[in-house]
Amino acid sequence: MPPPIQSQSGSKAALITWTVVSSIMFVVATVLAIFAHVDRKKLDDQLKQTETRYRDFVSDTDLAGELKTQLTAVKDADPAYANMRLINVVMAQRDALVRQIGGAGTPGENEAKIAAENAIKTAESVTGDKQADNLVAVINALSTSVKAKQDQLKQLQATLDEQTTKMNSLAATFATQVAAQQDALMAARANVSLSESGVSAYRAEKDKQIQEIQAKADEAARLAQEDLNKLQAQIQELTANVKRGENNITALQVRLDGMRQPVDQIIQQADARVLRLAGNGVIYVDLGAGDQVVPGMSFEIFDRLQGIPKPGDPTNDDNLPRGKASIEIIKVTPGSSEARIVRQTPGMNVVEGDLAVNLVYDKRTKYNLMVYGTFDLDRNGQATAQDADVIKRLVTQWGGSVTDKLNVDTDFLVMGKVPEIPEYTAEELDRPEIQFELKRKQEELAAYDDVLAKAIQLNIPVLNQNRFLYFTGYYEQSGR
């Protein structure tokens with residue numbers, strides 16, 4: 001009997017112990033749950049406060065959309081923005097644009113706008129053109145005004161030269177007449193047979209004639225001098241106007257160049273992305289019927305992680321911007337376009353998200369390109385003007401515009417082959433036809449250098465033939 005009683009007592013003690021332990025664990029679990037709920041409530045409140053605080057600055061769509069991608073690219077491209085938040089990058093760009101328009105001392109956007117409007121009004125007072133409402137139009141108007149003033153200055157200078165010639169002619173005539181009268185006077189004095197009264201009368205008559213001639217010459221000289229003074233005053237006024245116009249052009253050019261988007265940033269913007277791979281060399285990109293893309297248009301594919309390379313040195317073919325592949329659009333649908341791979345770099349595969357680039361194409365704007373020189377598209381060593389016409393035709397087909405003049409409105413300059421100066425022997429240089437050919441080649445090279453220098457001065461992106469072909473995905477097709 002005793003053993004069973006002890007077993008029953010042990011079971012009760014164990015039961016009581018388990019009940020106590022379970023109660024304690026329940027209480028601890030309840031307390032922990034309460035603390036977890038309180039912490040979660042605090043975190044939810046903090047999240048709502050954070051959303052409320054930043055809602056006025058940026059939306060969720062902007063945080064994950066193209067705006068963030070563009071701002072991140074700007075931040076990564078400029079070391080000055082490395083330690084800034086994206087909102088600070090936007091404010092820094094805004095402040096830089098304000099300084100570029102209004103100067104270093106401009107405090108804000110309104111002052112920069114006022115400074116730009118004052119510059120436009122100043123230009124209007126010089127050119128008289130009330131239609132210019134932006135800095136580019138003002139520069140063009142000032143250029144036209146300066147050209148007109150220069151032509152007027154040339155005309156006044158020609159008039160001045162004509163009046164000077166007339167005055168010199170009158171002076172020469174006067175000198176001749178005075179000399180003739182002096183000769184006549186000397187002859188009269190030599191005639192001793194004349195009576196004293198006759199000599200005096202003759203002398204008086206001749207003196208009177210000389211005085212009349214002198215008076216006429218003085219009057220002619222006075223009138224000529226007055227005309228000369230008027231012309232010189234007009235020349236000075238026109239010179240001052242031309243100087244003011246040149247200064248205004250220079251100032252506006254500096255401001256406009258400061259507002260031009262950086263060369264690398266323009267070229268390194270992707271035009272599309274690879275949506276998916278269909279196999280057999282067919283891919284799809286995110287450009288549709290509403291994006292002004294047409295069959296036959298070509299693009300270069302670059303790695304989505306490495307990005308689009310910089311344009312590089314336009315004077316040589318070192319480090320050409322060769323991508324993973326070149327594609328050609330074969331079918332356009334409402335939301336995407338089907339393309340075939342026409343060239344692929346060995347060892348590189350196209351993947352979803354890769355970047356598609358055509359330098360000429362942009363669904364938001366129309367670029368102005370100047371194509372200059374001769375080109376060798378089939379790369380046989382013979383550059384021709386016909387190949388330049390091919391590039392111009394491609395530019396217009398891809399949505400761009402071809403311009404014959406290099407100015408601030410030009411977005412890109414595509415340069416052909418550098419003109420070469422042949423080497424001739426001394427005997428060959430004696431031949432007229434060789435001399436003519438050498439002079440023509442020298443003039444071609446000088447014109448080529450002038451266009452390149454002006455593009456650099458205007459901060460216009462310059463690409464040679466092969467860089468242009470790679471940045472448009474047309475390198476492979478051009479050699480066929």
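Please read all numbers here as calculations on a predicted model, not as lab measurements.
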Going by the rule ring-ring contact (aromatic ring centres under 6.0 Å, His included), which residues pair with Tyr470 if we only count those two or more places apart in sequence or in a different chain?
Tyr475
Of Phe471, Tyr367, Tyr372, which meets ring pair (Phe, Tyr, Trp, His ring centres under 6.0 Å) against Phe412?
Tyr367
Minimum heavy-atom distance Ser326-Gly473, with the two atoms named:
CB-O, 3.6 Å
Taking the side chain as every heavy atom from C-beta outward, state whether Gln344 and Asn349 have any pair of such atoms under 4.5 Å apart.
yes
4.5 Å side-chain heavy-atom contact, Thr164 and Asn168:
yes
Could you tell me if the side chain of Thr410 sits less than 4.5 Å from the side chain of Leu458, heavy atoms only?
no
Thr374 OG1 to Met415 CE distance, which is reported to the nearest 0.5 Å
10.5 Å
Please enumerate all residues that pass side chain to side chain contact (heavy atoms under 4.5 Å, CB included) together with Glu428, with sequence neighbours excluded.
Tyr424, Thr425, Arg431, Ile434
So, does Ser337 use its side chain to make a donor-acceptor pair with the main chain of Leu287 at under 3.5 Å?
yes
Approximate separation, where rounding is to 0.5 Å, of Glu300 CD and Arg343 CZ:
4.5 Å
Sorted by chain and number, sequence neighbours left out, side chain to side chain contact (heavy atoms under 4.5 Å, CB included) with Glu162 holds for Lys166
Could you tell me if the side chain of Val414 sits less than 4.5 Å from the side chain of Phe375, heavy atoms only?
yes
Answer yes or no: does atom CG of Asn280 have more than 12 heavy-atom neighbours from other residues, nucleotides or ligands under 6.0 Å?
no
Does atom CG (Asn83) have a neighbourhood of more than 12 heavy atoms from anything else shown, all under 6.0 Å?
no
What's the shortest heavy-atom distance between Phe468 and Val395, and which atoms?
CZ-CG2, 4.2 Å
Polar contact flag, side-chain donor to acceptor under 3.5 angstrom, Asp409-Asn368:
no
Side-chain heavy atoms of Leu377 within contact of Ile391, under 4.5 Å:
yes
Smallest separation among heavy atoms of Val462 and Pro314, with atom names:
O-CB, 3.3 Å
Thr333 versus Glu338: any side-chain heavy-atom pair under 4.5 Å?
no
Going by atom types only, do Gln155 and Asp151 share a side-chain donor-acceptor pair under 3.5 Å?
no
Heavy-atom nearest pair, Arg273 first then Leu355, reads NH1-CD2, 2.9 Å
Can you check whether Thr165's main-chain N or O pairs, donor with acceptor, with Ser169's side chain at less than 3.5 Å?
no
Donor-acceptor pair, Asp376 side chain versus Gly381 backbone, under 3.5 Å?
yes
Report yes or no: does Asp354 contribute a side-chain atom to a donor-acceptor pair with the main-chain N or O of Ile301 at less than 3.5 Å?
no
For Tyr474, ring-ring contact (aromatic ring centres under 6.0 Å, His included) partners two or more places apart:
Trp398
Below 4.5 Å, heavy atoms only, C-beta onward: do Gln163 and Glu226 meet side chain to side chain?
no
Determine which pairs satisfy salt bridge (Lys or Arg N to Asp or Glu O under 4.0 Å) with at least one residue from residues 448-468, sequence neighbours left out, and list them in order.
none
Point-to-point distance, once rounded to the nearest 0.5 Å, from NZ of Lys324 to CG of Asp303:
4.0 Å
I'd like to know if Glu219 pairs up with Arg222 as an ion pair, taking the criterion as any Lys NZ or Arg NE/NH1/NH2 lying under 4.0 Å from an Asp or Glu carboxylate oxygen.
yes
Residue pairs passing the ring-ring contact (aromatic ring centres under 6.0 Å, His included) test with at least one member in residues 295-331, sequence neighbours excluded, are Phe299-Tyr361
Determine the minimum heavy-atom distance between Tyr284 and Ser336, stating which atoms define it.
CD2-OG, 4.1 Å
Would you indicate whether Glu423, at its atom CD, is surrounded by more than 12 heavy atoms from other residues, nucleotides or ligands within a distance under 6.0 Å?
no
Assess whether atom CG of Asn319 is packed by more than 12 heavy atoms of other residues, nucleotides or ligands within 6.0 Å.
no
Non-hydrogen side-chain atoms of Gln397 and Val294 separated by less than 4.5 Å
no
